[in-house]
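To keep things clear, I will list the structure first and then write my remarks on it.
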Amino acid sequence: MTNIDLPIGVFDSGFGGLTVLRSLVEQLPNEDFIYLGDTARAPYGPRSIAEVRRFALEGLDHLHQRGVKALVIACNSASSAVLRDARERYDVPITEVVLPAASRAVAATRNGRVGVIATQSTVNSRSYEDAFAIAPDITLTPQACPRFVEFVEAGITGGDELLGVAEEYLEPIKKAHVDTLILGCTHYPLLQGMIGYVLGTGVTLVSSAETCAQSTYSQLTQAGLLHHEPREATRTFLTTGDARDFQGIGRRLLGGFVTDATTVVLDPGNDTLNRR
Ligand code: DGL
């Protein structure tokens with residue numbers, strides 16, 4: 001198998017990365033994808049950065065060992081914890097969700113006030129602050145929205161309870177008068193309706209899922225690794241948790257898109273930077 005025929009590995013803490021996979025399939029329809037969700041240890045959002053880093057490298061090592069032509073870190077918490085290490089560790093192109101979303105927001109903002117909503121772990125890592133170092137004139141307002149993940153996984157994307165929580169979380173974003181908001185968590189594209197409803201149409205929402213897919217397209221095009229002709233593409237789903245649960249929740253979130261899932265056990269591996 002030549003490099004170009006290998007699948008693209010997509011890693012997430014659980015189900016939410018399926019929003020990134022959906023964008024990838026839309027933008028790269030002729031590619032094979034192998035998706036790994038670490039559902040047994042999700043959510044990553046409340047965990048320490050060191051723990052997220054260890055888990056994410058185990059997942060990425062697993063995908064890399066299976067043979068992939070590129071790795072996509074679909075999870076914002078994982079991207080925030082391992083970005084620099086991952087680039088050094090693997091010999092294939094790596095894309096992630098933080099930097100492409102930050103670049104899009106820099107291009108989109110008109111008043112120089114940008115917000116980012118994310119998990120606690122992503123906010124604690126200050127990864128978006130680092131990404132915005134390229135644009136020192138922009139004021140960034142980060143806000144953790146931990147309960148959003150619960151709502152999405154329960155299939156709730158509207159209603160009074162969610163509205164109350166969204167109004168509370170988004171209050172500091174409104175007060176900061178941002179005109180651009182990054183949805184810095186895999187689950188939030190599924191709450192775009194509610195977030196847009198609370199903030200109004202004057203705020204541009206940047207989906208880190210969409211910008212990640214665009215960045216993957218660009219990197220693979222530059223590396224000469226994209227299929228341009230129509231072909232029968234495959235999607236493989238791996239989970240560290242229960243395969244039937246994965247399929248059930250995956251289908252509830254993203255419809256028939258999720259097919260059979262297989263349970264895998266991740267190697268604790270070694271946490272060194274010698275994989276090249
Ligand atoms: N995938 C995570 C992220 O994008 C959200 C879910 C979790 O906390 O594991 O940060």
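Order of listing sets the numbers, starting from 1, for every ligand and every atom in it. Note that this is a predicted model, so its numbers are computed, not measured. Note: hydrogens, waters and symmetry copies are ignored here, and every other heavy atom, side chains too, is used.
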>> Could you check whether R113 pairs with D179 (Lys NZ or Arg NE/NH1/NH2 to Asp/Glu carboxylate O, under 4.0 Å)?
In response: no
Taking every heavy atom of F55 against every heavy atom of Y44, the minimum-distance pair comes out as CB-OH, 3.3 Å
Note: V82 and L60 closest approach over all heavy atoms is CG2-CD1, 4.1 Å
Within 4.0 Å of some non-hydrogen atom of T119, the atoms of ligand 1 are 5 (C), 8 (O), 10 (O)
Query raised in the report: So is R235 actually on top of F33's ring, under 6.0 Å and inside 45° of the axis?
Result: no
re atom 7 (C) of ligand 1, the protein heavy-atom contact at minimum distance is Y44 N, 3.3 Å
Tightest non-hydrogen contact, residues T157 and L162, listed as C-CD2, 3.3 Å
Quick note on ligand 1: atoms under 4.0 Å from a heavy atom of S13 include exactly 1 (N), 2 (C), 6 (C), 7 (C), 9 (O)
Ranked by distance from atom 8 (O) of ligand 1, the top protein heavy atom is G45 N, 2.8 Å
If we number the atoms of ligand 1 from 1 as shown, the ones under 4.0 Å from a heavy atom of H187 are 5 (C), 6 (C)
The protein heavy atom nearest to atom 10 (O) of ligand 1 is S77 OG, 2.6 Å
Honestly, for D12 the part within reach of ligand 1 (heavy atoms, under 4.0 Å) is side chain
Going by the 4.0 angstrom heavy-atom rule, the piece of N76 near ligand 1 is both
A student checking ligand 1 against C185 at a 4.0 Å heavy-atom cut-off should list atoms 3 (C), 4 (O), 5 (C)
Of S23, S215, P100, P189, the one forming a side-chain contact (heavy atoms from CB on, under 4.5 Å) with E210 is S23
On a heavy-atom basis, the closest approach of T239 and A261 is CG2-CB, 4.4 Å
